[in-house]
Amino acid sequence: ASVMLPQPVYMGGKIVAYDKITRFAEQIARSQHDRQLQEVILEVDRTYWQIVALQSKKRLAESYLGLVRKLDGDVGRMIEAGMATRADGLSIKVKVNEAEVSLIQVDNGLALSKMLLCQLCGLELSEEIRLRDEAAETLPEAALTDDADVATALENRPELRSLDMARRIGKYKVTVARSEFMPDVALTGGYLTSNPSITNGFQRKFNGIWSVGVAVKIPILTWGERRHKVQAARREAAIAAYQFEEAAEKVELQVVQSRRKIREAAERYAAAARSRTEADENLRCATLGMQEGVIPVSSVLEAQTAWLAAHSEQLTARIDVMLADLYLRKALGILK
């Protein structure tokens, strides 16, 4: 029986390199987890605001339906009094039907969006949920991100952290490949026993000897195999470095685009707010003019259509501001 125990002393640096590679691989796994978590948060937030927007559009559709129904009743009385034509009444009934269909479509979209949110949150699809901002008459003001600089993105983006770890792993892979050129040194210790005795063959009992030594393995000739391995490892490290630089440039571009989009969304919302005020005043004047008999019914219909479009545009612009800020925080890597 023989037992030998080697203890490596020097392996050309591969032991330390493998330890570093393992630690970097753990950090890559954490970064990938953070990236997937941010993707889930992004989808949940986007679906959340989609539901809030649909709920607001539902209230808007109900208000518009009430307007056209009231107009339908007023025009019906005007037809009886001979102040409006039957064609005007039919045009308004078409608008009523369109408003009812739009309300049905909003209800269907709202139900499907809530099912999607339940799926993202791990809830039953049929579970009834109620969002905090769902019943709000006005959407909350967005706390826009101020520290939208590229340095924040380069520090926090999990994709860049993963590529940075991959770049560092590439350097240590070069060390591992280069270690094939280096001698391996190890301490060895062991015990050898046999029956008959190893020292006296005529003695039928177990007897053995201890041994301690140094083992050295020196590569001499491999016909260029190790040199090719080192070159391949260096090229892989260079590829990883180029990928990191390319990703950093793309992240910088994404941050700049997100900042421009959030400014554009804020300006569009301000313009939509002004248009809504003008549409409200236009509808009020048109309604009063029709009651006084100086404005035709078609002008009131146009004013109501413009009112609906202005309110819908303002609502869409408000949601776009919220989503633009959401995408900016995702680009910066601070989405939590």
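- Under the ring pair (Phe, Tyr, Trp, His ring centres under 6.0 Å) criterion, no residue pair touches residues 270-303, with sequence neighbours excluded.
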With salt bridge (Lys or Arg N to Asp or Glu O under 4.0 Å) as the test, would you mind laying out the steps for Lys70 and Asp74 before giving the verdict? CA-CA 6 Å; Lys70 183 178 181 302; Asp74 294 340; 3.2 Å; yes
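- Using a 4.0 Å cut-off between charged nitrogen and carboxylate oxygen, Lys114 and Glu127 do not count as a salt-bridge pair.
- Within the structure, every pair that satisfies the side-chain hydrogen bond (donor to acceptor under 3.5 Å, both in side chains) test and touches residues 1-21, not counting sequence neighbours, is listed here: Asp19-Arg23.
- Under the rule for a salt bridge (charged side-chain N to carboxylate O under 4.0 Å, His left out), the partners of Lys93 that lie at least two apart in sequence or sit in another chain are Asp72.
- Hydrophobic clustering (ILVMFWY, side-chain heavy atoms < 4.5 Å, transitive): Leu37 and Leu326 are in one cluster.
- Residues satisfying the salt bridge (charged side-chain N to carboxylate O under 4.0 Å, His left out) test with Arg263, not counting sequence neighbours, are none.
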Could you give me the CA-CA distance, side-chain angles and deciding distance for Thr277 and Arg274, then say whether side-chain hydrogen bond (donor to acceptor under 3.5 Å, both in side chains) is met? CA-CA 5 Å; Thr277 302; Arg274 293 192 297 269; over 6 Å; no
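- Contacts of Ile169 classified as side chain to side chain contact (heavy atoms under 4.5 Å, CB included), with partners at least two apart in sequence or in another chain: Ile21, Phe24, Ile28, Lys173.
- By the 4.0 Å N-to-carboxylate-O rule, Glu264 lies close enough to Arg268 to be salt-bridged with it.
- Under a 4.5 Å side-chain heavy-atom cut-off, the cluster of Ile, Leu, Val, Met, Phe, Trp and Tyr residues that includes Val256 has no other member.
- Ion pairing between Glu80 and Arg77 fails under the 4.0 Å rule for side-chain N and carboxylate O.
- The main-chain N or O of Val176 is found under 3.5 Å from a side-chain atom of Ser179 such that the two form a donor-acceptor pair.
- With sequence neighbours left out, the ring-ring contact (aromatic ring centres under 6.0 Å, His included) criterion links Tyr191 to Trp210.
- Taking a cutoff of 4.0 Å between a charged side-chain nitrogen and a carboxylate oxygen, Arg168 and Asp164 qualify as a salt bridge.
- A search for side chain to side chain contact (heavy atoms under 4.5 Å, CB included) contacts involving Val251 returns Ala153, Arg157, Leu160, Val255, not counting sequence neighbours.
- Among residue pairs with one or both ends in residues 270-307, those qualifying as ring pair (Phe, Tyr, Trp, His ring centres under 6.0 Å) are Trp307-His311; sequence neighbours excluded.
- There is a side-chain donor-acceptor pair under 3.5 Å between Arg59 and Ser56.
- Applying the side chain to side chain contact (heavy atoms under 4.5 Å, CB included) rule to Ala241 yields the partners Arg167; only residues at least two apart in sequence or on another chain are considered.
- Around OH of Tyr172, the count of heavy atoms belonging to other residues, nucleotides or ligands within 6.0 Å does not exceed 12.
- Open room surrounds CD on Glu155; 12 or fewer heavy atoms of other groups in view lie less than 6.0 Å from it.
- Side-chain contact between Lys330 and Ile41 is absent, with no heavy-atom pair separated by less than 4.5 Å.
- Side-chain contact between Glu98 and Val68 is absent, with no heavy-atom pair separated by less than 4.5 Å.
- Closest heavy-atom contact between Gln38 and Gly333: NE2-O, 3.2 Å.
- Applying the side chain to side chain contact (heavy atoms under 4.5 Å, CB included) rule to Val214 yields the partners Val185, Leu187, Val216; only residues at least two apart in sequence or on another chain are considered.
- Scored by the side chain to side chain donor-acceptor pair (under 3.5 Å) test, Tyr64 finds no partners at all (sequence neighbours excluded).
- Counting heavy atoms of neighbouring residues, nucleotides and ligands inside a 6.0 Å radius, atom NZ of Lys95 does not exceed 12 of them.
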